[in-house]
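Inspection log for the structure reproduced underneath, given as structure tokens.
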Amino acid sequence: MYKNNMQVKLFIVEDGFSNLANAIILQAVKDYRDALKTLKKYPNSIEANKEKFSGERFFLSKWFSNITSIDGNMLLKKLREEVMNHE
């Protein structure tokens with residue numbers, strides 16, 4: 001009985017970790033996309049440039065690669081294409 005309980009608790013913790021990791025990544029994607037959109041209109045925006053740099057640093061970090069199997073370079077490329085090709 002105790003072993004089954006441990007397995008259930010382990011699953012919940014792993015699921016919680018996955019949910020947290022996904023939420024962090026989704027927020028970073030939103031912030032990066034917003035920064036790119038701002039820079040498209042206002043290329044000299046200091047805040048948007050800081051946010052863009054911060055996002056790039058995150059998506060290319062070891063920590064990012066530890067919490068997901070997503071390729072950070074590919075994600076950045078897709079986000080840039082999405083924003084630049086959207087009117």
Side-chain angles (χ1 to χ4, degrees):
M1 182 74 172
Y2 180 72
K3 185 176 182 182
N4 289 341
N5 238 357
M6 284 287 280
Q7 289 171 341
V8 169
K9 287 181 183 178
L10 180 60
F11 175 76
I12 291 169
V13 169
E14 287 178 358
D15 189 52
F17 174 79
S18 295
N19 289 339
L20 177 59
N22 289 335
I24 291 167
I25 293 166
L26 288 173
Q27 185 62 51
V29 164
K30 180 188 177 306
D31 293 345
Y32 187 75
R33 186 183 287 129
D34 289 348
L36 291 180
K37 287 177 182 177
T38 299
L39 288 170
K40 192 173 178 181
K41 290 182 182 179
Y42 309 101
N44 297 323
S45 169
I46 293 170
E47 288 304 313
N49 272 296
K50 284 182 186 177
E51 189 62 46
K52 177 181 176 273
F53 177 72
S54 176
E56 290 168 350
R57 198 173 54 213
F58 171 67
F59 293 125
L60 299 176
S61 72
K62 182 72 174 165
W63 188 63
F64 179 78
S65 66
N66 284 339
I67 64 171
T68 186
S69 60
I70 297 169
D71 180 328
N73 280 312
M74 185 61 66
L75 179 58
L76 287 169
K77 180 181 176 196
K78 294 291 184 187
L79 289 169
R80 288 178 194 131
E81 288 172 358
E82 172 192 312
V83 172
M84 294 306 141
N85 294 330
H86 189 264
E87 297 291 325

First locate atom OG1 of T68, then atom CZ of F64, and finally report the distance between them rounded to the nearest 0.5 Å. 5.0 Å
Which atom of N49 lies closest to which atom of P43, heavy atoms considered: ND2-O, 3.3 Å
Using side-chain heavy atoms (C-beta onward) and a distance below 4.5 Å, is E47 in contact with E51? no
Roughly how far, to the nearest 0.5 Å, is the CD1 atom of I24 from the CG atom of N19? 11.0 Å
Out of curiosity, does F58 fall in the hydrophobic cluster containing L39 (side-chain heavy atoms, cut-off under 4.5 Å, transitive links)? no
With a 4.5 Å cut-off on side-chain heavy-atom distances among I, L, V, M, F, W and Y, is there a chain of contacts connecting L76 to F53? no
If you look at every heavy atom in A48 and A35, which pair is closest and at what distance? O-CB, 3.5 Å
What pair of heavy atoms forms the shortest contact from L36 to M84, and how long is it? O-CE, 4.5 Å
What heavy-atom pair brings R33 and L79 nearest, and what distance separates the two atoms? NH2-CD2, 3.6 Å
Lys/Arg-Asp/Glu bridge criterion (N-O < 4.0 Å) met for E82, K78: no
For residues Y42 and I46: do they belong to one hydrophobic cluster (side chain heavy atoms under 4.5 Å, members Ile, Leu, Val, Met, Phe, Trp, Tyr)? no
Within the structure provided, determine whether I70 and F59 are in side-chain contact (heavy-atom separation under 4.5 Å). no
Hey, any chance M74 and L60 share a hydrophobic cluster, counting ILVMFWY side chains that come within less than 4.5 Å of each other, even indirectly? no
I need the minimum non-hydrogen distance between E56 and Y32, along with the two atoms involved. OE2-OH, 2.9 Å
